[in-house]
Number of protein chains: 2
Amino acid sequence: MTNSSNGKVIDIASVKLACSSCSLHQLCLPMGIGLDDVERLDAIIKRRRPLARGSYVFHLGDTFRSLYAIRSGSVKTYTITEDGSEQITGFHLPGELIGLDAINSNQHPCGAKALETTSICEIPFERMEELAAAVPALGRQMLRIMSRELNSDGELLTLLGKKSADERLAALLISLSMRFQERGFSPREFHLSMSRNDIGNYLGLAIETVSRLFSRFQQQGLICVQSKYIHLKELHQLRELAGFSGPDDIPQARA
Amino acid sequence: MTNSSNGKVIDIASVKLACSSCSLHQLCLPMGIGLDDVERLDAIIKRRRPLARGSYVFHLGDTFRSLYAIRSGSVKTYTITEDGSEQITGFHLPGELIGLDAINSNQHPCGAKALETTSICEIPFERMEELAAAVPALGRQMLRIMSRELNSDGELLTLLGKKSADERLAALLISLSMRFQERGFSPREFHLSMSRNDIGNYLGLAIETVSRLFSRFQQQGLICVQSKYIHLKELHQLRELAGFSGPDDIPQARA
DNA sequence: CGGTCCCTTGATATTCATCAATATCAGTGG
DNA sequence: CCACTGATATTGATGAATATCAAGGGACCG
């Protein structure tokens, strides 16, 4: 609400925030919905202040009220196992919708934490359901998004069930790469917002193993890492290692 | 369509087959939907002859047309990795809906194969979507079912990412146990319709490891196995091993 | 400048996969 | 009814991949 004293500035800001002008609308909820309906969707969405790194979008066990779309930044979702340790279930980039797994139980079965400064759109679920009843395309898009999520879960299962440590890391890098590309960023060079610890946790590997793999990949000339920044020098080889034989392989990937 | 010459017999048969009288309707699509609406749902569902063990509900890559609900028997879903090996993504029992992951891409990203003689209901998706537009509760139930599926995927990820071999097998046994119980069968004694190979594949373990674990569990007095039949003698200990500390732990489990 | 956190690297231990041999079972045909 | 075949399961011996333990190095922050 800075600049709230000047109507014009607000307008510009709200245009920038509207779904219809959001660069992510092709990936997000508005996809495939008519313009007027996007406006109706827009009307129920609440924007939030940017979240600082380390703060929570929602906590594990919170009552379910809203879905959240990521506008910028990144988020990890995780559960806590009985023994108290964390299991990361996903890294989420702009345009992705989180909280879908809470619909069933009315309570978030996982928590969501910002990996860096992150801004999100909150979508109150009840109001969205009402709207979906009136706008069938919205309901359809919801189903499609959830279906896509099931797809990527399936891939992740294969990853954890069948693949070796280096294949897993390569798969994560390629998944991030493809997703950055979809969002208009370089697929070869990006910033790893998650810690090595998070990566290991997510991939089912010890942190030391992850570290060693980064070193080895670098030695082999596949990548170039400098703490959080990474450059994928041999995208093709990594892709092969990861088991993504070609771009036509699998429509969606998630990490 | 046997007995099609006699109206009365058909009536009895159709009553037995109708959603409204199906013992699974609490678990399946009709849950939470008014009686008249269940009838409308019923009207679009096609029943199929029982499938023989080893035959397919749908193949990997098939064009997506319908969802399938399992009436009796059991089904495994699987994907094929680039190197040609199979990865089982789930074992499915009566009342469960399969094919949801095909909504996004209009093509089945996994195959589904009957583990034993199995009968299913086919639900043409387009007609169901039309109906859902008229019956909001149906759309809501769809979302809930998909959300539940996301939940169980999350648990499975933890299983594969964090747990040791014996914890994994225990978790599978407990998951099956709980699901049999929900369906009115004994939670302590049941038939494993899947092969050891399938179990290992699903749990990310070698078949030999699975075999050894069955032996060890038996030696420890936790279970009693005779080829496909299993008796869980120490449900509580298994539960603990699996990491299901209590019945209030996690609302839904899947294997 | 010192402290803390995160990461890296090396040495050792453990778990589980792999290889190989044998056993069991279901079905088939003699 | 029994021997034969192929598929599936068990068990043992070995090895490889990765976790764990331990120590040191760098980067960021006050």
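What's counted below: heavy atoms across the whole structure, side chains too, no hydrogens, waters or symmetry copies.
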S.K.: In whole Å, what is the span from the CG atom of A:L213 to the P atom of C:dC7?
M.R.: 15 Å

S.K.: Assuming nearest nucleotide by heavy-atom distance, tell me which of A:S227 and A:T209 is located more 5' along DNA chain D.
M.R.: A:T209

S.K.: Mind calculating the distance between NZ (A:K228) and C1' (C:dC7) to the nearest angstrom?
M.R.: 10 Å

S.K.: From CD of A:Q226 over to C1' of C:dT8, roughly how many Å is that when rounded to an integer?
M.R.: 14 Å

S.K.: To the nearest Å, give me how far apart CZ (A:R212) and P (C:dA11) are.
M.R.: 10 Å

S.K.: What I want to find out is whether B:R239 reaches A:E82 closely enough, with some N-O distance under 4.0 Å, to be called a salt bridge.
M.R.: no

S.K.: Using a 4.0 Å heavy-atom cut-off across all strands, classify A:A206 as base, sugar-phosphate, or nothing.
M.R.: base

S.K.: Could you check how far CZ of A:F217 sits from P of C:dT8, rounded to whole Å?
M.R.: 13 Å

S.K.: Centres of the B:F190 and B:F185 rings: under 6.0 Å?
M.R.: no

S.K.: Could you tell me whether the side chain of B:E208 has a donor or acceptor atom within less than 3.5 Å of a complementary atom in the base of C:dC19?
M.R.: yes

S.K.: Checking contacts here: which listed nucleotide (C:dT9, C:dA17, C:dT18) is nearest the side-chain heavy atoms of A:S211?
M.R.: C:dT9

S.K.: Once you round it to whole Å, what is the distance between C1' of C:dT8 and CZ of A:F214?
M.R.: 12 Å

S.K.: Heavy atoms only, 4.0 Å cut-off, all strands: where does B:G204 land among base, sugar-phosphate and nothing?
M.R.: sugar-phosphate

S.K.: Would you say B:S105 and A:R148 make side-chain contact, with heavy atoms under 4.5 Å?
M.R.: no

S.K.: Indicate, yes or no, whether a donor-acceptor pair under 3.5 Å links the base of C:dT9 to the side chain of A:R196.
M.R.: no

S.K.: How long is the line joining NZ of A:K163 and C1' of C:dA17, in whole Å?
M.R.: 18 Å

S.K.: In whole Å, I'd like the distance from the CG atom of A:L192 to the C1' atom of C:dC7.
M.R.: 13 Å

S.K.: How long is the span from the CD1 atom in B:I70 to the OH atom in B:Y68, to the nearest 0.5 Å?
M.R.: 12.0 Å

S.K.: Taking 5' to 3' order, which nucleotide of DNA chain D is first and which is last to have an atom within less than 4.0 Å of a heavy atom in chain A?
M.R.: D:dT18 to D:dC21

S.K.: By nearest heavy atom, map A:D166 and B:S215 onto DNA chain D; which one lands nearer the 5' end?
M.R.: B:S215

S.K.: State, yes or no, whether a side-chain contact exists between A:L241 and A:F217 at a heavy-atom distance under 4.5 Å.
M.R.: yes

S.K.: Quick one, A:K162 and B:N201 - any side-chain contact, counting heavy atoms below 4.5 Å?
M.R.: yes

S.K.: Any ion pair linking B:R183 and B:E96 (charged N to carboxylate O, less than 4.0 Å)?
M.R.: yes

